[in-house]
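These notes are about the structure you will find just below.
Naming convention: chains lettered A, B, ... in sequence-line order (proteins, then strands); numbering from 1 in each chain. Note that this is a predicted model, so its numbers are computed, not measured.
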Amino acid sequence: MLRDCRPEQLKSWLPGAKVSSTERVGKFILLELKPGGSSSFVFYLTIHLGMTGQLLINPRDPGKHGRFVFEMRGREGEPICLQFRDMRKFGRLHLTVGTPAPRLALLGPDAWVGEWDAGYLARELCGRRASLKAFLLDQRHLSGIGNIYSDEILWWSRLCPLRSCGSLSSDEIVRLAQEIRRILGEGVRLLGCSISDFVDTQGSSGEFQKWLRVYGRQGKKCFRCGARLVRAVVSGRGTIYCPECQPKNASPE
DNA sequence: CCCAAGTCCTGGTTGC
DNA sequence: TGCAACCAGGACTTGG
């Protein structure tokens, strides 16, 4: 159970605590901690990187936008420093007792490795008026998809971001489900998308940005049909798509 | 001035 | 008409 507690209370538990497990849930990083001594409860550090957050292990230099640092010891007693950097301050940390930050309970299944299928997607899409783009960004349906991957997924699925959820045929839903898993898998295989800030815990950049088909390519030619890619703002987010092979009208097929 | 990887909050709209 | 669910857009923040 989640218990209310004051920051200074949590602070007093941290020294001597052990990281008992780590997990990723959607875009959240979760550390399970057990306090030192004989206490049996657990507490959690829930981390969200926001847009520009970085989590670094033993960084070579203090960096420019350090927000917090955890000093730890490894199994052999070697020092381990975990630093959180975040230029735009959109990242979040939550320290809670008993359960992770409450917002995690609201997340849909993990879009990449979660237990869901085209049937689940069909049920979630059914009857909704919102755009496909807004749907993919809404972490309550599937968790883990952001603005870059949603545009890429929709291009590969040949679906217009402006289409309404309820307008998809079952063939289109199956296609979308396949591309969600495939594109996120590619992103992970290529170690992420380093447009400007993203690095892994070792400070290394990913490679996915080299394989982008639409994101950041407004006005350039579609790799599939050669038409000019266009930009629209959909539910407040910049959205790039091909007006030719991602048509607004449902394709007759 | 424009734009940017995310989420929360507010206020308006839709439909039962 | 009432109400809840749904949905779009602004706020937040720093920098290129």
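Backbone-only contact: A:Gly238 has heavy atoms under 4.0 Å from sugar-phosphate atoms and none from a base.
Look at CE on A:Met51: it is 9 Å from P on B:dT7, rounded to the nearest Å. In this structure, A:Asp138 atom CG and C:dA8 atom C1' are separated by 12 Å, rounded to whole Å. One can place CD of A:Glu124 at 15 Å from P of C:dA5, the figure rounded to the nearest angstrom. Straight-line distance from the CD atom of A:Gln139 to the P atom of C:dC7: 16 Å, rounded to whole Å. Put simply, CZ on A:Arg128 is 11 Å from P on C:dA8, counting in whole angstrom units. One interatomic measurement links the two molecules: CG of A:Leu142 to C1' of B:dG6, which rounds to 17 Å at whole-angstrom precision. Rounded to whole angstrom, the span from the CG atom of A:Asp197 across to the P atom of B:dA4 amounts to 14 Å. Rounding to whole angstrom units, CG of residue A:Leu137 and P of B:dT7 are separated by 8 Å.
Between B:dC1 and C:dG10, the two P atoms lie 16 Å apart (nearest whole Å). As rounded to the nearest Å, C:dT13 and B:dT10 have P atoms that lie 16 Å from one another. When the P atom is used for both C:dG9 and B:dC3, the distance is 14 Å, rounded to whole Å.
Between A:Lys27 and B:dT7 there is a side-chain N or O to OP1 or OP2 distance below 4.0 Å. Listed pair A:His65 / C:dT13 fails the phosphate criterion, with no side-chain N or O lying under 4.0 Å from OP1 or OP2. Between B:dG6 and A:His48, no contact under 4.0 Å exists linking OP1 or OP2 to a side-chain N or O. OP1 or OP2 of B:dC3 lies within a sub-4.0 Å distance of a side-chain N or O belonging to A:Arg231.
Enclosure of atom CD in A:Glu115 is not indicated, since only 12 or fewer non-hydrogen atoms of other residues, nucleotides or ligands lie within 6.0 angstrom. Within 6.0 Å of NZ on A:Lys27 lie more than 12 heavy atoms contributed by other residues, nucleotides or ligands.
For A:Arg181 and A:Trp112, the positive end is not near the middle of the six-membered ring at less than 6.0 Å and at most 45° from its axis. A cation-pi contact links A:Arg217 to A:Phe223, judged by a cut-off of 6.0 Å to the six-membered ring centre and 45° from its axis.
Within residues 82-92 of chain A, the residues approaching DNA chain C are A:Met87, A:Arg88, A:Lys89, A:Phe90, by heavy-atom distance under 4.0 Å.
Counting only distance, with no hydrogens or angles, the side chain of A:Asn58 and the backbone of A:Cys81 share a donor-acceptor pair below 3.5 Å. Between the side chain of A:Gln209 and the backbone N or O of A:Ser194, at least one donor-acceptor pair lies under 3.5 Å. With A:Arg231 contributing its side chain and A:Ile240 its backbone, the two residues share no donor-acceptor pair below 3.5 Å. One N or O on the side chain of A:Gln54 and one on the backbone of A:Asp197 form a donor-acceptor pair closer than 3.5 Å.
Stretches of at least 3 consecutive Watson-Crick or G-U wobble pairs, with each checked distance under 3.5 Å, appear in DNA chain C as B:2-4 with C:14-16, B:6-16 with C:2-12.
Nearest approach of A:Ile148 to A:Cys193, heavy atoms of both residues: CD1-SG, 3.8 Å.
For A:Tyr215, counting side-chain heavy atoms from C-beta on, the closest listed nucleotide (B:dG6, B:dA4, C:dA8) is B:dA4.
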Quiz item: Between A:Tyr149 and A:Tyr215, does a ring-ring contact (aromatic ring centres under 6.0 Å, His included) hold up when you go through it step by step?
Solution: CA-CA 8 Å; A:Tyr149 289 97; A:Tyr215 184 84; 9.4 Å; no

